[in-house]
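First the structure, in the form of structure tokens, and then the observations on it.
Just so you know, residue 1 is the first one in the sequence shown, and it goes up from there. Here the structure is a predicted model, which is why all the values come from computation and not from measurement. Atoms within each ligand, like the ligands themselves, are counted from 1 in listed order.
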Amino acid sequence: MSETIFGKIVAGEIPAKIVYEDDDVMAFHDVAPQAPTHVLVIPKKPLRSVLDAGEDDVLLLGKLMYAATHVARLLDLADAGFRIVTNIGSDGGQSVDYLHLHVLGGRHMGWPPG
Ligand code: 5GP
């Protein structure tokens, strides 16, 4: 997974517009935003998706979700609302094989998603 785009971003091998980073997670703007604000939140530990997370990763999953809400506040999405989503596998629409949460906001989100 370190060979995926996001693994390379964690390693500093390719650039990203970082909005938040700590020892465990990183958040950066999506290169092809699907909303006025579209940020991806990833663990620094390479996991393919939430399916790849084991019992040892429970705290990390919590940190990921917490970082996503932190980013939403930082980017002023909290009052109007926003969406956090993670795509898993082929039917889930996952295109990058490295666990990431999408944080989308700045417009009304429809339901069900496409
Ligand atoms: P997925 O389809 O796997 O749920 O989401 C992958 C996301 O990664 C897409 O929204 C896509 O636009 C974004 N993405 C793909 N390549 C890059 C890149 O090199 N940099 C950044 N910042 N985002 C990327």
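Among the atoms of G93, some N or O lies under 3.5 angstrom from an N or O of ligand 1. Polar contact with ligand 1: present for N87 (N/O pair, distance under 3.5 Å). On a distance-only criterion, H38 and ligand 1 share no N/O pair closer than 3.5 Å. Considering backbone and side-chain atoms together, I14 places no N or O closer than 3.5 Å to any N or O of ligand 1.
At a 4.0 Å heavy-atom cut-off, ligand 1 touches F6 through the side chain alone. Heavy atoms of L40 found under 4.0 angstrom from ligand 1 belong exclusively to the side chain. The proximity of V31 to ligand 1, defined as any non-hydrogen pair under 4.0 Å, involves the side chain as well as the backbone.
Here the protein heavy atom with the shortest distance to atom 10 (O) of ligand 1 is D30 OD2, 2.5 Å. Of the protein's non-hydrogen atoms, I5 CD1, 3.7 Å is the one closest to atom 16 (N) of ligand 1. Counting only heavy atoms of the protein, atom 3 (O) of ligand 1 lies nearest to S95 N, 2.7 Å. When hydrogens are left out, the protein atom nearest atom 22 (N) of ligand 1 is H29 O, 2.9 Å; that is the closest non-hydrogen contact.
The 12-atom threshold is not exceeded at CE of M65, counting heavy atoms of other residues, nucleotides or ligands nearer than 6.0 Å. Atom CG of D22 has more than 12 heavy atoms from other residues, nucleotides or ligands within 6.0 Å.
When atom types are taken as modelled, the side chain of T4 and the backbone of D97 share no donor-acceptor pair closer than 3.5 angstrom. The backbone N or O of S49 lies less than 3.5 Å from no partner atom in the side chain of D52, so there is not a single donor-acceptor pair. A donor-acceptor pair under 3.5 Å is formed between the side chain of R107 and the backbone N or O of Q34. Side chain of Y98 to main chain of P43: a donor-acceptor pair is present (N/O by atom type, distance under 3.5 Å, no hydrogens or angles). Counting only distance, with no hydrogens or angles, the side chain of R83 and the backbone of H108 share no donor-acceptor pair below 3.5 Å. The backbone N or O of R48 sits less than 3.5 Å from a side-chain atom of Q94, completing a donor-acceptor pair.
Atom numbering of ligand 1 starts at 1 in the shown order; those under 4.0 Å from a heavy atom of V96 are 3 (O), 6 (C). For ligand 1 and H100, the ligand atoms under 4.0 Å from any heavy atom of the residue are 1 (P), 3 (O), 4 (O), 5 (O), 6 (C). With ligand atoms numbered from 1 in the order given, ligand 1 contributes 22 (N) to contacts under 4.0 Å with heavy atoms of F28. Heavy-atom proximity to A32, at under 4.0 Å, picks out these atoms of ligand 1: 12 (O).
Every heavy atom of Q34 sits 4.0 Å or more from the atoms of ligand 1. Between H102 and ligand 1 there is a heavy-atom distance shorter than 4.0 Å.
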(request) Decide salt bridge (charged side-chain N to carboxylate O under 4.0 Å, His left out) for D24 and K44; before the verdict, give the C-alpha distance in whole Å, the side-chain angles of both, and the deciding distance to 0.1 Å. (result) CA-CA 5 Å; D24 301 306; K44 289 188 173 175; over 6 Å; no

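Taking the six-membered ring for Trp and the full ring otherwise, the centers of H38 and H102 sit less than 6.0 Å from each other.
Atom CD1 of I18 is separated from atom NE2 of H29 by 10.5 Å, given to the nearest 0.5 angstrom.
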